[in-house]
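Proteins come first, then strands; the chains are lettered A, B, ... in the order of their sequence lines, and each starts at number 1.
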Amino acid sequence: MEQHIRQALLAAAPELFGAPISENLIQFQQTRRDVEGDLTLVVFPFVKMLRCSPQEAGEKVKVWIEANIDSVSHCNVVNGFLNIVFKNTYWLNQLQEIQANTQFGLAAVNSKPTVMVEYASPNTNKPLHLGHLRNIFLGASVAEILRAVGHKVVRTQVINDRGIHICKSMLAWEKFSPLNEKGERQTPANTGQKGDKLVGKYYVEFDKALQKEAKAIMAEWQNGNFTDTPSAIEEAVLNFQKAKEGKDEKVQAAIDDKIKELAKNQTAILQEAKEMLVKWEARDPQVYLLWTTMNGWVYQGFDATYAQMGVSFDKLYYESDTFLLGKDQVMEGLQKGVFYQKADGSVWIDLSADGLDEKLVLRSDGTAVYMTQDIGTAIDRFKDYPDLHGMVYTVGNEQDYHFKVLFLILQKLGYTWADNCFHLSYGMVDLPSGKMKSREGTVVDADDLMAEVIDKAKTMTQERGHLEGLSATAREQLYTQIGLGGLKYYLLKVDPKKRMLFNPEESIDLTGNTGPFLQYTHARICTLLEKAAYKPCTLATNAQLKPEEKEIVKQLALFGSTLEEAAKAYSPALIANYTYELVKLYNTFYQSVKIVVEPDQELRQLRLALSASVRQVLATALGLLGVEAPQRM
RNA sequence: GGUCCCGUAGCUCAGCUGGAUAGAGCAACUGCCUUCUAAGCAGUAGGCCACAGGUUCGAAUCCUGUCGGGAUCACCA
């Protein structure tokens, strides 16, 4: 409709304004809630052309629109805003269309190019936590949104399954795991512990041992004993110790940290871990067996967590397969002059012309760094999926710089698709106590959190009743739907870009702008339609829509464009806000009129159709957020 | 220090491609279940949109600066 009026105004401009006008002069906006109107045209841009007051300009356009646009009932001009009121039949037709279209708002499947969406991408040395939840819910939701606007989507993750961190867990397990009566070390099978948790436990064990050993070394250094310390390190430590003199506490603490780093590097246990990594890279059979075994445990654990979260992937990449990729590309880039080599053999790119720094892309010993691997993986993915058009990387904003560099490098290497790569950068999740810190034990475990949220949902649902007639399994399923729905909505309703606060109490709220509130409305409509034995049919054309009803149709009509915006902005939050608004409008309507018990059959059918349309859009929108829509609750 | 992000009600967040009197939720207070699920609805109260300049018919929104918070600047990942 907006487009229609825009085109009509453009065509009529010479007649109306005395000259053709550019399209950007025609600015529409939503009409304020407190004035009459369905769409508002801003008239200020025309004032100069017409050489008159905003009021007069508005009146002139008003007369023209009323005479020439069919669906318009009438207009009013207030303060330079032309508020257009559409005819009742226009909205009735809209509703009729929405009701008849089960795919309302969605684009044709695979009508847009293939896009790969990466999310999760965990390390295999510890369990998933709250930060991962935001990442995964966000990525999974964006994938759904892109699909809904017509893209073919490949969901993926790259699993960081190799490196020093996993060697630490492996080593600690070998060193510290107690033996059971059969002489076996701890396994998920013989302890009943989830694999990722077990491996995570040994990662912590490693750190403890490391800290202890480092402390001992530091104490020796403090006493001036450097017998086991290489002279270069000794010199550095002595310099640091000297530098501490006369400095304030903060600076001293910072220097102590540096000394600690040196001490850690001198520990036998870290040396052992490094040796293990070297062995792993040489494919030492024993180390490899241990590695595959322990990673296997972790994957089983992750799979359980993903299943509970209700997310999945179409394609997995493992860092152990990809970490050598990219070297060829670097060599090629070197030939092309995109990169340059330093005397020590290391390869760099100079991005100072682009306002960035110089960045290492290959170590002097010829081994790959993170960037090397990412270059290789990106190129590889486009080989794996020849129809791939672009990629979305769901990664925290602490890596903003990394992705800026990565995309720039890909561009300079001549890959035109680099322009279609997007870093879906999201903010940290803070706790009321501040940042999550593993060292301080404030990390919120993903499994624990989900369990807690489901448990809370159970208690609160039981308090409300509405459970009669539901089987035990159906009840359990409902608690899960509510708990997880609340958690997902809580994490997704905030603009992804922004750092957000996770308040445990608010995350399990059922009232206000929450997942359960939306689910409740859905369930209420479901039982309502069931009671009414609702069937879609052609609506009477003479019914007069009440304002509450019209507001809902208006909001429903916005679903498609909201989806487009959400896809363009990679923001599930836009869907969340839209849906919340829709539900509020519906509840107002629900409280103010009779529906099933409405005696006038035409009115009743109209309101049922309205309810059914809201249910459908609501269910679709919740689905895009990964939130399930219960039939009753 | 360089670069980037953020600062809106007591709290958590919308609004930011410039447009009318800046909106929700939570918390507080008032009402509404002998009509379809009250996990709801209606209402009251709560604001120098961090601060200071600028651009313009018009700025929470754009530009510059200041202050405050965060991230990042490794031959780590």
**Message:** Just to be sure I understand the rule, does T461(A) reach a base, reach only the sugar-phosphate, or reach nothing, if contact means heavy atoms closer than 4.0 Å?
**Reply:** base
**Message:** From C-beta outward on P45(A), which listed nucleotide comes closest to its side chain: A20(B), G19(B), C41(B)?
**Reply:** G19(B)
**Request:** May I ask you to check if R162(A) and F323(A) form a cation-pi contact, with NZ or CZ under 6.0 angstrom from the six-membered ring centre and within 45° of the axis?
**Result:** yes
**Sugar-phosphate, base or nothing in reach of K435(A), heavy atoms under 4.0 Å** = sugar-phosphate
**Prompt:** Looking at the angle O4'-C1'-N9-C4 for a purine or O4'-C1'-N1-C2 for a pyrimidine, is C63(B) syn or anti, with syn meaning within 90° of 0?
**Reply:** anti
**Asked** Is there a donor and acceptor pair, one atom on the side chain of N83(A) and one on the base of A20(B), closer than 3.5 Å?
**Response** yes
**Asked** Hey, does C75(A) have a side-chain heavy atom less than 4.5 Å from the side chain of V85(A)?
**Response** no
**Prompt:** When Watson-Crick pairs (N1 to N3 and N6-O4 or O6-N4) and G-U wobble pairs (N1-O2 and O6-N3) count only below 3.5 Å on both distances, what is the dot-bracket string of RNA chain B, with | for other-strand pairs?
**Reply:** (((((((..((((.....[...)))).(((((.......))))).....(((((..]....))))))))))))....
**Request:** Give a yes or no on whether the backbone of Q555(A) and the side-chain of Y578(A) come within a donor-acceptor separation of less than 3.5 Å.
**Result:** yes
Could you run down the sub-3.5 Å N/O contacts of the protein with nucleotides 25-27 of chain B?
{"from": "G25(B)", "atom 1": "O2'", "to": "N513(A)", "atom 2": "N", "distance (Å)": "3.4"}

**Message:** Would you say the base of A39(B) stacks on F517(A) (centre-to-centre below 5.5 Å, plane angle below 30°)?
**Reply:** no
**Request:** Report the relative orientation of the aromatic rings in F407(A) and Y393(A); use parallel for angles under 30°, tilted for 30 to 60°, perpendicular for over 60°.
**Result:** tilted
**Complete:** Which of G40(B), A77(B), C13(B) is nearest the side chain of R162(A)? It is A77(B)
**Asked** Looking for any heavy atom pair under 4.0 Å, which part of the strands does Q27(A) touch: base, sugar-phosphate only, or nothing?
**Response** base
**Asked** Which part of the nucleic acid does I164(A) contact within heavy-atom distance under 4.0 Å: base, sugar-phosphate only, or nothing?
**Response** nothing
**Prompt:** Is the count of non-hydrogen atoms from other residues, nucleotides or ligands lying under 6.0 Å from K554(A) atom NZ greater than 12?
**Reply:** yes
**Asked** Do Y479(A) and M633(A) touch side chain to side chain, with heavy atoms closer than 4.5 Å?
**Response** no
**Asked** Angle class for the F44(A)/F81(A) ring planes (parallel below 30°, perpendicular above 60°, tilted otherwise)?
**Response** perpendicular
**Message:** A cation-pi test, strictly: NZ or CZ of K342(A) under 6.0 Å from the centre of the six-membered ring of W348(A) and no more than 45 degrees from its axis. Yes or no?
**Reply:** yes
**Request:** State whether Y590(A) and R524(A) meet the cation-pi test: NZ (Lys) or CZ (Arg) under 6.0 Å from the six-membered ring centroid, and within 45° of the perpendicular axis.
**Result:** yes
**Asked** Contact class for D374(A) vs. all strands (heavy atom < 4.0 Å): base, sugar-phosphate, or nothing?
**Response** nothing
**Request:** Rounded to whole angstrom, note down the C1' distance from U61(B) over to A14(B).
**Result:** 14 Å
**Prompt:** Between T40(A) and A20(B), is there a side-chain N or O to OP1/OP2 distance below 4.0 Å?
**Reply:** no
**Request:** Check whether any side-chain nitrogen or oxygen of K498(A) sits under 4.0 Å from OP1 or OP2 of A14(B), and answer yes or no.
**Result:** yes
Could you go through nucleotides 72-74 of chain B and list every protein N or O atom that sits under 3.5 Å from one of its N or O atoms, giving the distance for each pair?
{"from": "C73(B)", "atom 1": "O2'", "to": "D357(A)", "atom 2": "OD2", "distance (Å)": "3.3"}

**Message:** By nearest heavy atom, map N79(A) and Q373(A) onto RNA chain B; which one lands nearer the 5' end?
**Reply:** N79(A)
**More than 12 heavy atoms from other groups under 6.0 Å of NZ on K62(A)** = yes
**Asked** Looking only at atom P, what distance separates A9(B) and C5(B), rounded to whole Å?
**Response** 22 Å
**Prompt:** Roughly how far apart, to the nearest Å, are C48(B) and A60(B) at atom C1'?
**Reply:** 12 Å
**Prompt:** Taking only residues two or more places apart in sequence or in another chain, which ones pass salt bridge (charged side-chain N to carboxylate O under 4.0 Å, His left out) with E506(A)?
**Reply:** none
**Message:** Without decimals, in angstroms, what is the distance between D354(A) CG and C4(B) C1'?
**Reply:** 16 Å
**Asked** On a whole-Å scale, what distance lies between the C1' atoms belonging to C62(B) and U55(B)?
**Response** 8 Å
**Request:** Report yes if the side chains of Q211(A) and K264(A) come closer than 4.5 Å at any heavy-atom pair, otherwise no.
**Result:** yes
**Request:** May I ask you to say what R499(A) touches in the nucleic acid, namely base, sugar-phosphate or nothing, with a heavy-atom cut-off under 4.0 Å?
**Result:** sugar-phosphate
**Request:** Could you please spell out the steps behind the salt bridge (Lys or Arg N to Asp or Glu O under 4.0 Å) verdict for E565(A) and K568(A)?
**Result:** CA-CA 5 Å; E565(A) 275 173 48; K568(A) 214 172 138 198; over 6 Å; no
**Request:** Summarise protein proximity over nucleotides 30-38 of chain B in one line of letters, 5' to 3': B for base, S for sugar-phosphate only, - for none, counting protein heavy atoms closer than 4.0 Å.
**Result:** -----BBBS
**Asked** Can you tell me how far P in U56(B) sits from the matching atom in G25(B), rounded to whole Å?
**Response** 39 Å
**Prompt:** For atom P, what is the distance between G10(B) and U17(B), given to the nearest Å?
**Reply:** 26 Å
**Asked** Taking the six-membered ring for Trp, are the ring centroids of Y203(A) and F206(A) within less than 6.0 Å of each other?
**Response** no
**Request:** For D38(A) and K550(A), run salt bridge (Lys or Arg N to Asp or Glu O under 4.0 Å): C-alpha distance rounded to whole Å, both residues' side-chain angles, the deciding distance at 0.1 Å, then the answer.
**Result:** CA-CA 9 Å; D38(A) 300 321; K550(A) 198 167 85 170; 3.0 Å; yes
**Asked** How is N577(A) classified with respect to the nucleic acid when contacts are heavy atoms under 4.0 Å: base, sugar-phosphate, or nothing?
**Response** sugar-phosphate
**Asked** For R51(A), which residues count as a side chain to side chain contact (heavy atoms under 4.5 Å, CB included) partner, sequence neighbours excluded?
**Response** none
**Item:** Integer angstrom distance from the C1' of G23(B) to that of A45(B)
**Value:** 16 Å
